[in-house]
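Let me begin by presenting the structure, written as C-alpha cells, before commenting on it.
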Amino acid sequence: MFIVIAGSPRGSVTLTEVDAAGVAAAPVLLDAAGFLAAVASREPARPRWVWSDTTLWYPALLEAGQRVERSQDLRLGHRVLKLSEATRGTPLRDAPANSWDDAASPAGDHANTLFDDGASAPGADPVAEFVLQRQTLDEVARSDPARARRLTLLLAAESCGALIAEEMRFHGMPWRRDVHAAKLEEALGPRPQFGGRPARLEALADQIRAALDAPALNPDSQPDLLRALKRAGLAVTGTSKWDLRELRHPVIEPLLAYKKGARLLSANGWVWMDAWVQDGRFHPEYVVGGVVTGRWATRGGGALQLPAEVRGAVRADEGWSLVVADAAQLEPRIIAAMARDEAMAAAGRERDLYQGLVDAGVVDTRAHAKVAMLGALYGATSGESARLMPRLTRAFPRAIGLVEAAARTGERGEQVSTWLGRSSPVPGDDWEGADAVSTTDAAPTEDRRARQAARDWGRFTRNFVAQGTAAEWAMCWMAGLRKRLRLLADEGGEPHLVLFLHDEVMVHTPAHLADAVGHAVTEAANDAGRLLFGDFPVDFALTIATVSSYDEAK
DNA sequence: AGCTTGAGCGCC
DNA sequence: AAAAGGCGCTCAAGCT
C-alpha cells in the first residue's frame with residue numbers, strides 16, 4: 001500500500017492512499033500535528049510513504065521521534081527514470097519538461113523552493129508524478145519484466161538510502177571534540193584567538209621564507225610560491241607536493257610540513273569543528289545519488305573525505321562499540337557478477353581477490369594483480385597496468401569484455417547502464433568525439449582532439465558500469481543492514497548506522513551487540529548479492545573490525 | 001563586492 | 001613509482 005504525502009511538512013498536509021493499480025482514494029487534509037499522528041498510526045502496517053523529497057519531509061518526522069521503514073522518493077525516482085535507457089518511449093520520458101526535471105537536476109539546490117508549497121507548483125502534484133512513474137515501470141515491464149524489476153529495486157534502494165542519509169545526519173557520528181582539538185594543537189599549535197595562522201604553521205612559514213630568501217612570502221599563494229622557488233634556482237613547474245618531493249633543497253622539508261598543516265587547518269580545523277560537531281556528534285549532509293554514477297556525495301562537512309589524521313576523534317560512547325565493515329575489492333566482484341564470469345568469481349572466493357589472481361596463476365604478485373585490475377576498471381593506457389591487461393583478458397574474457405564493451409559504447413557517444421538501470425549521461429553538445437573522428441575532412445589536430453575526447457569518454461563509461469553498480473550493491477547492503485539492526489535493539493540500546501563511505505559502513509552499537517552487528521553486516525552483504533545477482537556464485541567478502549576508535553580499523 | 005576558475009589535496 | 005575513474009572542499013586569483 002502506498003500513501004502519497006503532499007503539501008508542506010510544517011504546514012498543511014494531504015495524505016492520499018493509492019493502491020497497487022494506481023487508483024487513488026480521496027485525499028485527507030491534515031495540519032502538522034495531524035500529519036505526525038497519522039504517520040504514527042499508519043506506520044505499523046508498513047506502508048510505502050511516497051513524497052517529493054526525503055530531505056524535505058523526513059527531518060520533521062525524525063525530530064518528532066518518528067521513523068518510517070519504507071518510502072518512495074519521487075525526485076530521485078524521476079531522475080533515474082528520466083535518464084534511463086530503459087524508459088525510452090514511455091510517457092514520463094516524453095512528458096514536457098516540468099519542475100520534477102529541475103528538482104532532479106544534479107545541483108538539486110532548488111528542491112526546497114520548488115516543493116515548499118508542494119502541490120501548488122505547476123506540474124508538481126506528487127500523486128500524478130507517482131502514478132506516472134508507476135505507469136512508466138509498467139510499460140517497461142511489458143517488453144522486459146526483468147528490466148522493470150531491476151529499475152523498481154533501484155528506486156526502492158535509493159529511496160531507502162535517502163532515509164538512511166537523513167537518519168545518519170539526524171543522529172550524527174560520535175565525535176570527540178577533545179581528541180580532535182588535541183590533535184590540532186599537536187600539529188598546529190594552540191588555536192589562534194582571532195583566526196590567523198597558528199604558531200607552528202607560522203614558524204614553518206618563517207623557515208620557508210628564510211630558505212628561499214623571500215621575507216614577505218605568503219606560502220598560501222601558489223603564484224608567489226612558484227616564483228620564489230624558481231628564484232631560488234629550483235626547476236619546478238608547479239607547487240604540488242608530488243613535484244616538490246623529488247627536489248633537494250632546504251625549503252622542501254618545511255614546505256611539505258607547512259602544506260600538510262595548512263590542509264588540516266582549512267579542511268578539518270577548529271572552524272570545521274565548530275560548524276559540524278555539536279554535542280559530541282558530527283552531523284554530515286549526504287547527497288544521495290549526488291554523483292552521476294549513483295554514488296553519494298556530501299554537501300558541507302566532507303564526510304566522504306575524512307582524512308586518516310582525524311579519524312581518531314571518532315570514538316564510541318562509553319559502553320558502546322564501533323563496527324567498521326569494508327567490502328573488499330568490491331568493483332572487481334561486481335563486474336565478475338554482471339558478466340557472469342565464473343573464473344573471476346572463483347578467484348574472489350578467496351577473501352582477497354587479488355591474492356586469488358596470484359593463486360590462479362594470472363599474475364605473479366598481489367601488487368601486480370591490484371594494478372592490473374585497477375587498469376581494467378579505469379582504462380589504463382600505459383605503464384605496468386596496460387602491460388598486464390592482456391593476461392587479465394585471457395583469464396577473464398567475460399568480465400574484461402564487459403568493461404571493454406562499455407568503453408567502446410562510450411567512445412561512440414552512446415549511453416551505458418548499470419545493472420539496475422541507471423544510465424550514463426549523453427555527452428554534451430560540445431562533445432566532438434565519435435562524429436568528428438568519422439569525418440574524413442577534419443584537420444589533423446581536430447581529429448586528434450576528437451579521438452582523445454572519445455577515449456576519455458570511453459574511460460568514463462567503462463568505469464560508470466562498475467562504479468555505478470557497486471553503488472547499487474552498497475545501497476542494497478545498507479538497506480538490508482538497517483532492517484536487521486532494528487531487530488537487534490534491546491534495553492541496552494539500538495545499533496545504528498553512522499557512516500557510509502562508498503564501500504564501507506560504520507555502526508555505533510551497544511558493546512554487547514557488536515558480534516551480532518558483525519553477523520548482521522555479513523548477512524546483509526550476502527542478501528545484497530542475491531538481490532542483485534540471484535544465485536550466481538559471487539562472494540562479497542567483508543573486512544569487519546570492532547573498535548572503540550575509527551583509527552583502529554584497518 | 002561577488003562570482004567563477006584553477007591548483008592542490010583529501011577520500012573511495 | 002606512476003597512471004587511470006568518480007568526487008568535495010578551500011584558498012587565492014581572475015573575472016565581471
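The sequence lines fix the lettering, A, B, ..., with proteins before strands; numbering per chain opens at 1.
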[Y]/[X] salt bridge by N-O under 4.0 Å criterion:
| X | Y | answer |
| --- | --- | --- |
| A:D274 | A:R177 | yes |
| A:E166 | A:R482 | no |
| A:D178 | A:R176 | yes |

Closest nucleotide among [options] to the [X] side chain:
| X | options | value |
| --- | --- | --- |
| A:E384 | C:dA13, B:dC12, C:dA2 | C:dA2 |
| A:N218 | C:dA12, C:dA2, C:dG6 | C:dA12 |
| A:D220 | C:dC11, B:dC9, B:dG8 | C:dC11 |
| A:N463 | C:dG6, C:dC9, C:dA3 | C:dG6 |
| A:S240 | C:dA12, B:dC9, C:dG8 | B:dC9 |
| A:V291 | C:dG8, C:dA4, C:dC7 | C:dC7 |
| A:V371 | C:dG6, C:dA2, C:dC9 | C:dA2 |
| A:E504 | C:dA13, C:dC7, B:dC12 | B:dC12 |
| A:R311 | C:dG8, B:dC12, C:dT10 | B:dC12 |
| A:D224 | C:dA13, C:dA4, C:dG8 | C:dA13 |

So what does [X] touch, heavy atoms closer than 4.0 Å: a base, only the sugar-phosphate, or nothing?
| X | result |
| --- | --- |
| A:G383 | nothing |
| A:L306 | sugar-phosphate |
| A:A297 | sugar-phosphate |
| A:A308 | sugar-phosphate |
| A:R295 | base |

Interatomic distance where [atom1] belongs to [X] and [atom2] belongs to [N] [whole Å]:
| X | N | atom1 | atom2 | value |
| --- | --- | --- | --- | --- |
| A:L377 | C:dA3 | CG | P | 19 Å |
| A:E331 | B:dC11 | CD | C1' | 14 Å |
| A:K260 | B:dG10 | NZ | P | 6 Å |
| A:R455 | C:dG5 | CZ | P | 12 Å |
| A:E309 | C:dC9 | CD | C1' | 15 Å |
| A:Y378 | C:dG6 | OH | C1' | 8 Å |
| A:R462 | C:dA3 | CZ | C1' | 13 Å |
| A:Y258 | B:dC9 | OH | C1' | 14 Å |

ask   = Got a donor-acceptor contact below 3.5 angstrom from the A:Q415 side chain to the A:V426 backbone?
value =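 Not a single qualifying donor-acceptor pair exists.
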key: Polar side-chain contact A:R263-B:dC9 base: donor and acceptor under 3.5 Å   =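 Present.
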message = Is it the case that the base of C:dG8 and the side chain of A:Q305 share a donor-acceptor contact (distance under 3.5 Å, atom types as modelled)?
response =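 Indeed there is one.
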Would you say [X] reaches [N]'s phosphate, i.e. side-chain N/O to OP1/OP2 under 4.0 Å?
| X | N | answer |
| --- | --- | --- |
| A:K241 | B:dG10 | yes |
| A:K259 | B:dC9 | yes |
| A:T293 | C:dC7 | no |
| A:W242 | C:dA3 | yes |
| A:Q222 | B:dG8 | yes |
| A:S266 | C:dC9 | no |
| A:S385 | C:dA2 | no |

request  = Determine whether more than 12 heavy atoms belonging to other residues, nucleotides or ligands lie under 6.0 Å from atom CG of A:N526.
outcome  =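 Correct, the count exceeds 12.
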task = Check whether more than 12 heavy atoms from other residues, nucleotides or ligands sit under 6.0 Å from atom CD of A:E253, and answer yes or no.
result =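 Not more than 12 within 6.0 Å, no.
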request  = Please figure out whether A:G301 or A:R245 has its closest DNA chain C nucleotide nearer the 5' end.
outcome  =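 Here A:R245 is the residue nearer the 5' end.
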query = Centroid-to-centroid, A:F533 to A:W473, below 6.0 Å?
reply =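 No, the ring centres sit 6.0 Å or more apart.
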